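What follows is a short report on a single structure.
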Amino acid sequence: MTWHTMIWDALFASRDWMAWNLFLALLPLGLSVWLFRQPKPRSVVWWVTALVFVAFLPNAPYVLTDLIHLVEELQQTSSLFIGTLLLIPKYVVFVLIGWMAYVLSLINVGYYLKRQGLGRYILQMELLLHALSAIGVYLGRFERLNSWNLVTHPHHVAVSLVENLLDHRPLILITLGFIGFTGLYWVFKEITLALLLQRRYVRTLRQLSANPEDYPSTLE
């Protein structure tokens with residue numbers, strides 16, 4: 001196998017499932033922007049879209065479990081160069097995009113609750129969504145269920161959910177997933193909010209420098 005072929009395979013061999021999984025991960029982010037960042041009445045359409053958002057939200061943290069494919073691809077390549085400089089960075093970018101879609105989606109939920117005067121429930125809502133996502137990721141990875149199965153095969157999803165929640169082994173994995181999502185989310189949320197705050201601060205300083213007359217002097 002030539003270097004050209006090895007590089008091509010490392011970069012694009014997984015492009016189909018990666019592109020699909022990223023689409024599914026970014027979908028709840030797009031829904032969260034429509035639902036929670038733009039003021040709109042809570043109509044029937046809004047509530048249905050909110051349910052779709054919750055159903056598809058686990059697809060974002062699901063990308064973390066796709067790291068098992070990185071292990072497989074590293075085992076299949078005989079080149080340390082390919083593995084270190086191409087495969088690992090590819091998966092890092094892939095996982096970061098999917099995970100940040102999850103973080104931003106939940107930040108948008110918190111923004112909406114705060115705007116509705118329900119800021120005191122943000123933590124509870126985040127924990128609930130972490131728990132639902134942990135369950136969804138487990139069902140997707142180990143039971144091979146998809147978000148749309150909630151509509152196409154709701155009975156099968158319900159039976160699988162009950163069976164797994166009553167079995168201690170799946171319950172342990174779901175609990176570990178919940179703990180992992182909660183911890184990672186807290187870290188990335190703090191970093192993201194700090195970056196957004198810094199960006200807002202810099203923008204304010206630029207506006208102040210450009211139009212100082214629009215701002216009252218603190219010395220007066």
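Remember, predicted model here, so these are calculated numbers, not experimental data. Position 1 is the first residue of the sequence, and the numbers go up from there.
Leu176 and Val63 end up in different hydrophobic clusters when Ile, Leu, Val, Met, Phe, Trp and Tyr side chains are linked at under 4.5 Å. In terms of hydrophobic clustering, with Ile, Leu, Val, Met, Phe, Trp and Tyr side chains grouped at heavy-atom distances under 4.5 Å, Ile107 and Leu123 are assigned to different clusters. In terms of hydrophobic clustering, with Ile, Leu, Val, Met, Phe, Trp and Tyr side chains grouped at heavy-atom distances under 4.5 Å, Leu118 and Leu129 are assigned to a common cluster. The hydrophobic cluster containing Met18 also contains Val92, counting ILVMFWY residues as joined when their side-chain heavy atoms lie under 4.5 angstrom apart, directly or transitively. Using a 4.5 Å cut-off between side-chain heavy atoms of Ile, Leu, Val, Met, Phe, Trp and Tyr, with links allowed through other members, Val45 and Leu27 fall into the same hydrophobic cluster.
Scanning both residues, Leu132 and Pro58, for their nearest heavy atoms gives O-CG, 4.1 Å. Taking both residues in full, the closest heavy atoms of Asn59 and Ala25 are given as O-CB, 3.8 Å, listed atom of the first, atom of the second, then distance. Shown here for Leu184 and Trp99, the closest heavy-atom pair between the two residues is CB-CZ2, 3.4 Å. For the pair Ala101 and Leu26, the tightest heavy-atom approach, listed with the atom from each and the gap, is CB-CD2, 4.0 Å. The minimum heavy-atom distance linking Leu29 with Ser105 is given by the pair CA-OG, 3.2 Å. Shown here for Leu113 and Tyr121, the closest heavy-atom pair between the two residues is CD1-O, 4.1 Å.
Between the Ser160 side chain and the His156 main chain, no donor and acceptor come within less than 3.5 Å of each other. For the pair Ser133 (side chain) and His130 (backbone), a donor-acceptor distance under 3.5 Å is absent. Using modelled atom types, one side-chain atom of Asp167 and one backbone atom of Arg169 make a donor-acceptor pair closer than 3.5 Å. The closest donor-acceptor contact from the side chain of Arg144 to the backbone of Arg141 lies under 3.5 Å.
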- [ ] Go through the steps to decide whether Thr152 and Asn146 satisfy the test side chain to side chain contact (heavy atoms under 4.5 Å, CB included), and finish with yes or no.
- [x] CA-CA 10 Å; Thr152 59; Asn146 299 305; over 6 Å; no
Task: side chain to side chain contact (heavy atoms under 4.5 Å, CB included) between Asp66 and Tyr62, worked out - done: CA-CA 7 Å; Asp66 284 325; Tyr62 181 86; 3.9 Å; yes
Open item on the list: Determine whether Thr182 and Leu127 satisfy the following criterion, side chain to side chain contact (heavy atoms under 4.5 Å, CB included), listing intermediate values before the conclusion.
Closed with: CA-CA 7 Å; Thr182 302; Leu127 293 176; 4.1 Å; yes
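Remark: Gln198 CD is loosely packed, at most 12 non-hydrogen atoms of other residues, nucleotides or ligands lying under 6.0 Å away. Residue-environment remark: CH2 (Trp186) stays at or below the threshold of 12 foreign heavy atoms within 6.0 Å. No more than 12 heavy atoms of other residues, nucleotides or ligands sit less than 6.0 Å from atom CE of Met125.
Other cluster members for Leu139: Ile135, Tyr138, Phe142, Leu145, Leu150, Val157, Leu161, Leu165, Leu171, Leu173, Ile174, joined by side-chain heavy-atom distances under 4.5 Å among Ile, Leu, Val, Met, Phe, Trp and Tyr.
Under the salt bridge (Lys or Arg N to Asp or Glu O under 4.0 Å) criterion, no residue pair touches residues 95-120, with sequence neighbours excluded.
Scanning for ring-ring contact (aromatic ring centres under 6.0 Å, His included) contacts around Phe53 gives Phe36, with sequence neighbours left out. A search for ring-ring contact (aromatic ring centres under 6.0 Å, His included) contacts involving Tyr111 returns nothing, not counting sequence neighbours. Partners of Leu70 by side-chain contact (heavy atoms from CB on, under 4.5 Å), not counting sequence neighbours, listed by chain and number: Leu67, Leu74, Leu87, Ile88, Tyr91. The salt bridge (Lys or Arg N to Asp or Glu O under 4.0 Å) check on Lys189 picks up Glu126, with sequence neighbours excluded.
The aromatic rings of Phe56 and Trp148 sit tilted relative to each other, their planes meeting at an angle between 30° and 60°. Between Phe181 and Tyr102, the angle of the ring planes lies from 30° to 60°, which puts this pair in the tilted group.
No side-chain heavy atom of Ser14 sits under 4.5 Å from any side-chain heavy atom of His69. Side-chain contact between Glu143 and Glu163 is absent, with no heavy atoms from C-beta onward closer than 4.5 Å.
Atom-to-atom distance recorded for Trp17:CH2 and Leu22:CG is 8.5 Å, nearest 0.5 angstrom. A distance of 10.5 Å separates CD1 of Ile122 from CG of Leu106, quoted to the nearest 0.5 Å. For the atom pair Leu64 CG and Leu96 CG, the distance stands at 9.5 Å (nearest 0.5 Å).
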